[in-house]
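Numbers for residues simply follow the sequence, beginning at 1. Here the structure is a predicted model, which is why all the values come from computation and not from measurement.
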Amino acid sequence: WAVLVAGALMGAGDVIAQQLVEQRGLRGHQCPRTLKMMAIGFCFVGPVVGSWYRILDWLIPGSTKVVAVKKVILDQGCFAPCFLGCFLAVTGATNGLSMQDNWTKIQQDYMDALVTNYCIWPPVQIANFYFVPLQHRLAVVQCVAIVWNCYLSWKANRM
């Protein structure tokens, strides 16, 4: 279920990016791009993030405030930087970039995306780890992430 939600919301984020941020209009909408972003959500974001939450809950069990802070530190200090780099690499590959062009694009976009990540995710994750049961965390994150997905889609597909 969480994988389906991740794919659908990645697609929704791309639609918002194309229509509201890039203002492409319906005629200029790139449907293959939306389908690629959905596929990345189904095949990469959903499974990886869902598995990460299970691992994180195994590594740091519980739901106290101190536990939530520890989870956020591990999530944002270790997982987020790695995940973001992988996400940009996967997106570049699905966009048909050569390895060299993909590496150049990652170098161009990574730090800006990571700083933006740190502006959004720590408070969301504190609440998520403290209040939300494990089985609903990915869905909560993906709901909050519709704006983040819009940003990522815009950033990853900007050539």
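By the side chain to side chain contact (heavy atoms under 4.5 Å, CB included) test, V147 is found to be paired with no residue, residues two or more places apart in sequence or in another chain being considered. A search for side chain to side chain contact (heavy atoms under 4.5 Å, CB included) contacts involving P81 returns Y110, L114, Y118, not counting sequence neighbours. Judged as a side-chain hydrogen bond (donor to acceptor under 3.5 Å, both in side chains), and not counting sequence neighbours, the contacts of Q100 are T104. Under the side chain to side chain contact (heavy atoms under 4.5 Å, CB included) criterion, L152 pairs with L84, F87, W148, not counting sequence neighbours. With sequence neighbours excluded, no residue satisfies salt bridge (Lys or Arg N to Asp or Glu O under 4.0 Å) with R54. Partners of V72 by side chain to side chain contact (heavy atoms under 4.5 Å, CB included), not counting sequence neighbours, listed by chain and number: Q76, P122, Q125, I126, F129. With sequence neighbours left out, the side-chain hydrogen bond (donor to acceptor under 3.5 Å, both in side chains) criterion links S98 to D101.
Here the straight-line distance linking atom CG of L74 with atom CD1 of I60 works out to 5.0 Å at 0.5 Å rounding. We find the CD-CG distance between Q108 and L88 to be 10.5 Å, quoted to the nearest 0.5 Å. Of the inter-residue distances, the one linking D112 atom CG with N117 atom CG reads 11.0 Å to the nearest 0.5 angstrom. The CG atom of L35 sits 11.5 Å away from atom CE of M37, with the distance rounded to the nearest 0.5 Å.
Listed by first and then second residue, the salt bridge (charged side-chain N to carboxylate O under 4.0 Å, His left out) pairs that reach into residues 129-144 are D57-R137, sequence neighbours excluded. Sequence neighbours left out, not one pair with a member in residues 8-40 passes ring-ring contact (aromatic ring centres under 6.0 Å, His included). The ring-ring contact (aromatic ring centres under 6.0 Å, His included) pairs that include a residue from residues 56-76 number zero, where partners must be two or more places apart or lie in different chains. Residue pairs meeting the salt bridge (charged side-chain N to carboxylate O under 4.0 Å, His left out) criterion with at least one partner in residues 36-48, sequence neighbours excluded, do not occur; the list is empty.
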Stepwise side-chain hydrogen bond (donor to acceptor under 3.5 Å, both in side chains) check, D75 with W121: CA-CA 10 Å; D75 180 62; W121 285 110; over 6 Å; no
Derivation and outcome, side-chain contact (heavy atoms from CB on, under 4.5 Å), residues F79 and L56: CA-CA 10 Å; F79 179 75; L56 193 56; over 6 Å; no
Verdict with supporting geometry, Y53 and N128, side-chain contact (heavy atoms from CB on, under 4.5 Å): CA-CA 11 Å; Y53 286 151; N128 197 29; 4.0 Å; yes
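In terms of heavy-atom proximity, F83 sits nearest to V45 at CZ-CG2, 3.9 Å. When all heavy atoms are compared, the tightest approach of T91 to T94 is O-OG1, 2.9 Å. Across every non-hydrogen atom of A89 and N102, the tightest pair is O-ND2, 3.0 Å. Considering all non-hydrogen atoms of both residues, G85 and I106 come closest at O-CD1, 4.4 Å.
Using cut-offs of 30° and 60° on the angle between ring planes, the pair W154 and Y151 is tilted.
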Could you list the donor-acceptor pairs under 3.5 angstrom formed by side chains in residues 4-14, with sequence neighbours left out?
from: D14; atom 1: OD1; to: R33; atom 2: NE; distance (Å): 2.6
from: D14; atom 1: OD1; to: R33; atom 2: NH2; distance (Å): 3.1
from: D14; atom 1: OD1; to: S153; atom 2: OG; distance (Å): 2.4
from: D14; atom 1: OD2; to: Q18; atom 2: NE2; distance (Å): 2.7
from: D14; atom 1: OD2; to: T34; atom 2: N; distance (Å): 3.3
from: D14; atom 1: OD2; to: T34; atom 2: OG1; distance (Å): 2.5

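The shortest side-chain heavy-atom distance between C150 and V21 falls under the 4.5 Å cut-off. Between C86 and F44 there is a side-chain heavy-atom pair separated by less than 4.5 Å.
Within 6.0 Å of the CG atom in L59, the count of heavy atoms belonging to other residues, nucleotides or ligands exceeds 12.
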